[in-house]
Amino acid sequence: MKRLRVFSIVLGCMAALMMTSCLKDDNTEETQQEWEEWQKAVDTQRNAMVGDYNGKLYYYASVSSKQTDSLAVQWSAASDSVIVLKNIPLQQIVGTMLGNNIDDLRDSIAKMGNVDLMAKVYVNYEYHSPIVMYAFPEPIVVKDVAVGGERVDAVISFDTYETSTSNASYAKFMMTTGEMLVVLYPKEVFVGTIRKGYFSPQVARMQWYGKRGSRPAITENK
């Protein structure tokens, strides 16, 4: 009788282990399937936004501005999830810069002309229409800026989801209409390791809004 009881316990343990193993396998297969479906959806959405865009940049000209100004702009979205915002006047970026004794730096940067800004975007799959993406703009490096009789390099950074959840840069794309919105928040201006200026999100926010005008030709691999 004692042997029978021990044997029953052993069988019960083996059955429990087998059930646990099966559940793990099922969960692994289900997780893998969900990941593949998610990745397929992301690829579809990412490829859908590829093309060239025409629209407007909306911005505040200065901290004291009561309404936004606008500027005709162009940008592009590539299949590697990189958005290139073209010919952005530095004057529009630093116009709302705050800080102590920054007039010389702000004016000097503003005179340096236009720049192209690249931003990597990542799809947030919780949203489908419009598609919502986290944007991670590359810092703008403005070289050879004249400040106080010296030539310095200034770096303009942007808020992202890694630095601010409330004022994170982002983008939205509507698949049905080909419309895109890109919102960037300038954050700080550094000269070397010293922070010389900063931005208030309420007035520094810059918005690109427009519609895709053309798409590159798609070639099939044979």
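For this chain, numbers begin at 1 and follow the sequence in order. Just so you know, these numbers use all the heavy atoms, side chains as well, and skip hydrogens, waters and symmetry mates.
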For [X] and [Y], which heavy atoms make the closest approach, and how far apart are they?
X: L57; Y: V73; answer: N-CG2, 3.5 Å
X: W75; Y: M180; answer: NE1-SD, 3.3 Å
X: P137; Y: T160; answer: CD-CG2, 3.8 Å
X: E188; Y: F199; answer: N-CD1, 3.8 Å
X: V63; Y: V203; answer: O-CG1, 4.0 Å
X: V182; Y: I83; answer: CG2-CD1, 4.3 Å

Is there a path from [X] to [Y] through hydrophobic residues (I, L, V, M, F, W, Y) whose side chains come within less than 4.5 Å of each other?
X: Y60; Y: V189; value: no
X: V115; Y: Y59; value: yes
X: V121; Y: V183; value: no
X: I93; Y: L71; value: yes
X: V145; Y: I102; value: yes

Decide yes or no for [X] and [Y]: does some side-chain heavy atom of the first lie under 4.5 Å from some side-chain heavy atom of the second?
X: P130; Y: F173; answer: no
X: V142; Y: V94; answer: no
X: I140; Y: V155; answer: no

Quiz item: Is it true that E179 and K211 have a side-chain N and a carboxylate O under 4.0 angstrom from each other?
Solution: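 Not counted as a salt bridge, because no side-chain N and carboxylate O are separated by less than 4.0 Å.
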Quiz item: Salt bridge or not for D153 and K143, using N-O below 4.0 Å?
Solution: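 The answer is yes: the pair qualifies as a salt bridge.
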Self-check item: Near-ring test Y134/Y161, centroid separation under 6.0 angstrom
Solution: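 Ring centres of Y134 and Y161 closer than 6.0 Å.
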Quiz item: Would you say the ring centroid of F136 lies under 6.0 angstrom from that of Y122?
Solution: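 Close enough - the centres of the two rings lie under 6.0 Å apart.
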In Å and rounded to the nearest 0.5 Å, what is the [atom1] to [atom2] distance from [X] to [Y]?
X: Y170; Y: L184; atom1: OH; atom2: CG; value: 10.0 Å
X: S169; Y: K187; atom1: OG; atom2: NZ; value: 10.5 Å
X: Q92; Y: Y58; atom1: CD; atom2: OH; value: 14.5 Å
X: S76; Y: N54; atom1: OG; atom2: CG; value: 11.0 Å
X: W208; Y: L85; atom1: CH2; atom2: CG; value: 5.0 Å
X: S62; Y: M97; atom1: OG; atom2: CE; value: 13.0 Å

Quiz item: Out of M174, K172, M133, M175, which residue meets the side-chain contact (heavy atoms from CB on, under 4.5 Å) rule with M49?
Solution: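 The option that passes is M133.
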Quiz prompt | K56, NZ: over 12 other non-hydrogen atoms inside 6.0 angstrom | solution =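 Open.
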Quiz item: Just wondering, are more than 12 heavy atoms of other shown residues or ligands nearer than 6.0 Å to CG in D144?
Solution: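 For D144, atom CG is crowded (more than 12 foreign heavy atoms under 6.0 Å).
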Practice problem: Please lay out, stage by stage, how V84 and L117 fare under the test side chain to side chain contact (heavy atoms under 4.5 Å, CB included). | Solution: CA-CA 6 Å; V84 180; L117 174 59; over 6 Å; no
Self-check item: Main-chain N/O of D104 paired to S108 side chain as donor or acceptor, under 3.5 Å
Solution: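 Present.
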Quiz item: So, does D116 use its side chain to make a donor-acceptor pair with the main chain of N87 at under 3.5 Å?
Solution: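 Yes; judged by distance alone, with no hydrogens or angles, the pair exists.
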Exercise. Could you walk me through whether I131 and V123 pass the side chain to side chain contact (heavy atoms under 4.5 Å, CB included) test, one step at a time?
Key: CA-CA 7 Å; I131 302 167; V123 174; 4.0 Å; yes
